[in-house]
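Report on the structure given below.
Just the heavy atoms: all of them, side chains too, but no hydrogens, waters or symmetry mates, feed the values below.
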Amino acid sequence: MKRALVPGTFDPITAGHLDVITRAAMIFDEVVVSVAASKKKGPLFSLEERVELVREAVSDLENVRVISFDGLLVDCARIHDAHAVVKGLRVVTDFEYEFQMTAMNYELGPNLETFFIMSPPKYMYLSSSVVREISSMGGDVSKFVPPCVDVALKKRFGLE
């Protein structure tokens, strides 16, 4: 079985993330969306909330499951018997960061391959931080996130 991880903080999951996950699900037998604790980033949503939002957002994808992890990605891959990591790329700065992470992952786990999926132009500007900022100011983010996330953001910012 070809199993891949799609790791991220997903704070919150966006349409761009869903695009990467959906495309990975067409390539691999199983995709494990790995929601990172990312405590240093000070996420808006708790790890449990992010996992639940991702689960709801990908519920229609039969070969996708969602887990949480706190630690090294290579260890997460080993635990879940994944041999590939799939990352989305939007802009050149994404590539520079992901290139460094991939090089380190090769050192730590030489059997772990990394695949990059290029973002379509309609998602190149989209990020969780932009979504959070727009939503916190009362802006409409419904076309950028799954419905469950739109509801959660409105609730979090008292915009119901």
> Would a 4.5 Å heavy-atom cut-off, applied to side chains only, mark L5 and V86 as touching?
Replying inline: no
>> Could you walk me through whether S128 and H17 satisfy the side chain to side chain contact (heavy atoms under 4.5 Å, CB included) test, starting with their C-alpha distance in whole Å, then the side-chain angles of each, then the deciding distance to 0.1 Å, before giving a yes or no?
In response: CA-CA 9 Å; S128 294; H17 292 129; 3.2 Å; yes
> Heavy-atom count around Y106 OH within 6.0 Å, excluding the residue itself: above 12?
Replying inline: yes
> Are the side chains of V130 and E133 in touch, meaning some heavy atoms are under 4.5 Å apart?
Replying inline: no
> Considering all heavy atoms of both residues, which atom of F144 and which atom of I134 are nearest to each other, and what is their separation?
Replying inline: CE1-CD1, 4.5 Å
>> Nearest 0.5 Å, please: how far is CG in L108 from CE in M101?
In response: 9.0 Å
> If you group Ile, Leu, Val, Met, Phe, Trp and Tyr by side-chain heavy-atom gaps below 4.5 Å, do L126 and F95 land in one group?
Replying inline: no
> Any side-chain heavy atom of E98 within less than 4.5 Å of one from F116?
Replying inline: yes
>> Could you measure the distance from the CD atom of E48 to the OG atom of S68? Nearest 0.5 Å is fine.
In response: 7.0 Å
>> Quick check: do V54 and V51 have side-chain heavy atoms less than 4.5 Å from each other?
In response: no
> Just how far is it from atom CZ of R90 to atom CD1 of I117, taken to the nearest 0.5 Å?
Replying inline: 14.5 Å
> Are any non-hydrogen side-chain atoms of P146 and I13 less than 4.5 angstrom apart?
Replying inline: yes
> Are F115 and M104 connected in a single hydrophobic cluster, I mean Ile/Leu/Val/Met/Phe/Trp/Tyr linked by side-chain heavy atoms less than 4.5 Å apart?
Replying inline: no
>> Tell me whether the count of non-hydrogen atoms from other residues, nucleotides or ligands lying under 6.0 Å of CE in M124 goes above 12.
In response: yes
> Looking at V64, I67, V66, which hits side chain to side chain contact (heavy atoms under 4.5 Å, CB included) with R55?
Replying inline: V66
> Can you check whether V131's main-chain N or O pairs, donor with acceptor, with S135's side chain at less than 3.5 Å?
Replying inline: no
> What pair of heavy atoms forms the shortest contact from S142 to D150, and how long is it?
Replying inline: CB-OD2, 3.6 Å
> Taking all non-hydrogen atoms of both residues, which atom of V20 and which atom of G88 are closest, and how far apart?
Replying inline: CG2-CA, 3.7 Å
>> Do V6 and V145 sit in one hydrophobic cluster, given that two such residues count as connected whenever their side-chain heavy atoms are within less than 4.5 Å of each other, even indirectly?
In response: yes
> To the nearest 0.5 Å, what is the distance between NE2 (H83) and CG (L112)?
Replying inline: 9.5 Å
>> Between L72 and F69, is there shared hydrophobic-cluster membership here, with clusters defined by ILVMFWY side-chain heavy atoms closer than 4.5 Å?
In response: yes
Could you list the donor-acceptor pairs under 3.5 angstrom formed by side chains in residues 24-44, with sequence neighbours left out?
| residue | atom | partner | partner atom | Å |
| --- | --- | --- | --- | --- |
| D29 | OD2 | K2 | N | 2.7 |
| E30 | OE1 | R3 | NE | 2.5 |
| E30 | OE1 | R3 | NH2 | 3.1 |
| E30 | OE2 | R65 | NE | 2.7 |
| S34 | OG | V32 | O | 3.3 |
| S38 | OG | T9 | OG1 | 2.8 |
| K39 | NZ | D70 | OD2 | 2.7 |
| K41 | NZ | T9 | OG1 | 3.2 |

>> Please check: side-chain N/O of D11 versus main-chain N/O of F45, any donor-acceptor pairing under 3.5 Å?
In response: yes
> Under 4.5 Å between any side-chain heavy atoms of R132 and P12, yes or no?
Replying inline: yes
>> If hydrophobic clusters are built by linking Ile, Leu, Val, Met, Phe, Trp and Tyr wherever their side-chain heavy atoms come under 4.5 Å apart, do V151 and L159 end up in the same one?
In response: no
> Do E49 and S46 have a side chain donor and acceptor closer than 3.5 Å?
Replying inline: yes
>> So, taking the atom named CG in D19 and the one named OG1 in T14, what distance separates them when rounded to the nearest 0.5 Å?
In response: 9.0 Å
>> Rounded to the nearest 0.5 Å, what separates atom CG in L18 from atom CZ in F10?
In response: 9.0 Å
>> Quick check on F99: does its CZ atom have over 12 non-hydrogen neighbours (other residues, nucleotides or ligands) under 6.0 Å away?
In response: no
> What are the two closest non-hydrogen atoms of P7 and L73, and how far apart are they?
Replying inline: CB-CD1, 3.7 Å
